[in-house]
Number of protein chains: 2
Amino acid sequence: MSKRPDSTAKSKHNRRSLAQVRQDNSEHILRVAERLFSERGYSGTTIMAIAEEACLPKANILYYFHTKEALYQGVLSNILKIWMLSMNDMTPEQHPRDALRDYIVKKIRQSKEYPHASRIFAAEVLHGAPFLRKQLETDLKEQFDKTCDVFRQWIAKKWMDPVHPEHLMFMLWSSTQAYADVQVQSCILLSKSELDDQDFNDGADFLVRMVLKGCGINPV
Amino acid sequence: MSKRPDSTAKSKHNRRSLAQVRQDNSEHILRVAERLFSERGYSGTTIMAIAEEACLPKANILYYFHTKEALYQGVLSNILKIWMLSMNDMTPEQHPRDALRDYIVKKIRQSKEYPHASRIFAAEVLHGAPFLRKQLETDLKEQFDKTCDVFRQWIAKKWMDPVHPEHLMFMLWSSTQAYADVQVQSCILLSKSELDDQDFNDGADFLVRMVLKGCGINPV
DNA sequence: CTATCTTCTGACCAAATGGTCAGAAGTTGG
DNA sequence: CCAACTTCTGACCATTTGGTCAGAAGATAG
């Protein structure tokens, strides 16, 4: 049960403004909801469970987010913000050696820092993106196409082997994503209670090396 | 609504034995349930929905599978059967060039042929494997450790670069799995209604090439 | 201090859900 | 043909779930 920011300090002094209260509570609820949605999925998460974890009465959750779906949308829009933000553009001028390395490292770091977000996103896609379809079809597709184009230009410049750009993108996405999604499984398989920093670094090193070599790029 | 095997042929003749009826119906229900669970997740799938899709009254579903969880377990055990079956052992004697190629091709074919199973499995793992934990900790981990060991032997024989075996396994698993999981997303990104055989072949070729080169294996 | 606005909450509700059960309908073996 | 057994199903039930609402409690502005 993650405590909300205030809780004890309800005495007359140390008062927060209404605006402040609203923001604090909204964010607190969103944080709790994100965790639960990522652990149990949309249907598996009840408003009551969120309320208990957030130490707030159920009706209060619904005061801030009028429906369960609205709450979920709130979580999703937070996630997409992170996503788009970190999805740095690779440029045709950059050498793929650097651009791909940066991309992989960034993505894996993201999987480490925002595992809930990563997993919600993955679950969303897995079930046909019922809530994200629109956004994926516009924003993400644009990004995807642009990046594939960069790959093609690198290939034209003979900076890398003529690999299938689309499949390279799939491979980059899935294998970096895996470090968040399969954390549970990883723990089972590696017999660790959690992936540590070293594991993430090893993963990044491994992937960078594999991708660069696999694309015929001299890592220098 | 996928029709059940019998349906019309209820007239006196052309009768099926009770044993036959039982098997037919069980399998029919499992098939329908598998599809729905993969599309909507465990909590998102109601018995009523399964009943409607299977063209059977709800009570009949519960006659064959006493609880929702039992039905889900039935689906899962089907899935694990497929999984373990196709998880061919790579052996230290095989050259990684052939073994890895076979593995990737097989896995991707599996993603194509059993997309529902693949997705249920992925969702299960994503949510901490609430129903599969035991099996993963025993069967899958054994397989995992054994395969990592094979990689180590290949490395000792200088048949491939000294890559991190565990991370290679992750990468193989996630990037092949992706061809089932992300089918939706793939369709969005590639603007196709479905991945066709060519796409799966391209994916396999790409991955084989990438992995072999990435591991410093001469593809011959 | 007071009138007004926002925040908060217990009590309540209709619908959906997993599950039960008695008994009808069909099958089987003798 | 009959007794025993399996399959099937409509009606029913308790619980859970998302959501409403009236009014209490607290904050704010004049």
Side-chain angles (χ1 to χ4, degrees), chain A residues 3-30 32-33 36-37 40-75 130-131, chain B residues 3-30 32-33 36-37 40-75 130-131:
Chain A
K3 238 180 193 169
R4 50 191 161 140
D6 158 46
S7 146
T8 58
K10 274 222 165 176
S11 45
K12 287 198 189 70
H13 309 290
N14 190 4
R15 301 204 309 231
R16 292 171 298 159
S17 70
L18 281 185
Q20 192 59 48
V21 165
R22 176 155 272 266
Q23 188 182 334
D24 286 356
N25 278 352
S26 293
E27 281 174 8
H28 175 61
I29 293 170
L30 281 174
V32 171
L36 289 191
F37 280 134
R40 313 177 187 182
Y42 177 76
S43 310
T45 305
T46 66
I47 298 180
M48 196 55 203
I50 295 171
E52 275 166 14
E53 287 286 302
C55 298
L56 290 172
K58 190 182 76 163
N60 205 359
I61 306 286
L62 285 162
Y63 170 70
Y64 283 102
F65 299 88
H66 291 319
T67 63
K68 183 183 177 183
E69 193 179 320
L71 176 50
Y72 187 64
Q73 293 280 14
V75 171
F131 295 96
Chain B
K3 238 182 193 167
R4 49 189 159 139
D6 161 45
S7 150
T8 56
K10 274 221 165 179
S11 45
K12 286 199 191 69
H13 310 289
N14 191 1
R15 303 206 307 236
R16 292 172 298 159
S17 71
L18 281 185
Q20 192 60 48
V21 165
R22 176 156 271 266
Q23 188 182 333
D24 286 355
N25 278 351
S26 294
E27 281 174 8
H28 176 60
I29 292 170
L30 281 173
V32 171
L36 289 191
F37 280 133
R40 314 178 185 182
Y42 177 75
S43 310
T45 306
T46 66
I47 298 181
M48 197 56 203
I50 296 172
E52 274 166 16
E53 287 287 302
C55 297
L56 290 171
K58 190 182 76 165
N60 205 358
I61 307 284
L62 285 161
Y63 170 71
Y64 283 102
F65 299 89
H66 291 321
T67 66
K68 183 184 178 181
E69 192 179 321
L71 175 51
Y72 187 64
Q73 291 281 14
V75 171
F131 294 96

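Being a predicted model, the structure only gives us computed values, none of them experimental. These numbers come from the heavy atoms of this one structure, side chains and all, not from hydrogens, waters or symmetry mates. Numbered from 1 within each chain, the chains take letters A, B, ... in sequence-line order.
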When you compare the protein's N or O atoms with those of nucleotides 16-23 of chain D, which come within less than 3.5 Å of each other, and at what distance?
unit_1: dG18(D); atom_1: OP1; unit_2: K68(A); atom_2: NZ; d: 3.0
unit_1: dG18(D); atom_1: OP2; unit_2: I47(A); atom_2: N; d: 3.1
unit_1: dG18(D); atom_1: N7; unit_2: K58(A); atom_2: NZ; d: 3.2
unit_1: dG19(D); atom_1: OP2; unit_2: K68(A); atom_2: N; d: 2.6
unit_1: dG19(D); atom_1: N7; unit_2: K58(A); atom_2: NZ; d: 3.2
unit_1: dG19(D); atom_1: O6; unit_2: K58(A); atom_2: NZ; d: 2.8

Under 3.5 Å, which N/O atoms of the protein pair with N/O atoms of nucleotides 4-7 of chain C?
unit_1: dT7(C); atom_1: OP1; unit_2: R22(A); atom_2: NE; d: 2.6
unit_1: dT7(C); atom_1: OP2; unit_2: R22(A); atom_2: NE; d: 3.4
unit_1: dT7(C); atom_1: OP2; unit_2: R22(A); atom_2: NH2; d: 2.9
unit_1: dT7(C); atom_1: OP2; unit_2: Y63(A); atom_2: OH; d: 2.3
unit_1: dT7(C); atom_1: O5'; unit_2: Y63(A); atom_2: OH; d: 3.1

(request) Could you pull out the closest heavy-atom pair between H28(B) and L56(B), with the gap in Å? (result) CD2-CD1, 4.4 Å
(request) For side chain to side chain contact (heavy atoms under 4.5 Å, CB included), just list the numbers for L71(A) and L30(A), CA-CA rounded to whole Å, side-chain angles, deciding distance to a tenth of an Å, and then say yes or no. (result) CA-CA 7 Å; L71(A) 176 50; L30(A) 281 174; 4.0 Å; yes
(request) Starting at atom CZ of F65(B), determine the distance to atom C1' of dT17(C), rounded to an integer number of angstrom. (result) 19 Å
(request) Name all residues meeting the ring pair (Phe, Tyr, Trp, His ring centres under 6.0 Å) criterion together with F65(B); count only those two or more places apart in sequence or in a different chain, and write none if there are none. (result) none
(message) Tell me the interatomic distance from Q23(B), atom CD, to dT7(D), atom C1', rounded to whole angstroms.
(response) 16 Å
(request) Grab the CD-C1' distance between Q20(B) and dG26(C) for me, whole Å please. (result) 16 Å
(request) Could you tell me the separation between the CD atom of Q23(B) and the OG atom of S17(B), rounded to the nearest 0.5 Å? (result) 9.0 Å
(message) Tell me the closest heavy-atom pair linking S43(B) and G44(A), and the distance in Å.
(response) OG-CA, 3.4 Å
(message) My understanding is that only residues two or more places apart in sequence, or in another chain, count here; which of them pass ring pair (Phe, Tyr, Trp, His ring centres under 6.0 Å) with Y64(A)?
(response) none
(message) A49(B): which residues meet the side-chain contact (heavy atoms from CB on, under 4.5 Å) condition with it, sequence neighbours left out?
(response) L36(B), R40(B), T46(B)
(message) Please enumerate all residues that pass ring pair (Phe, Tyr, Trp, His ring centres under 6.0 Å) together with F131(A), with sequence neighbours excluded.
(response) Y42(A), Y72(A)
(request) Measure the distance from CD1 on I61(A) to P on dG10(C) and round it to the nearest whole Å. (result) 13 Å
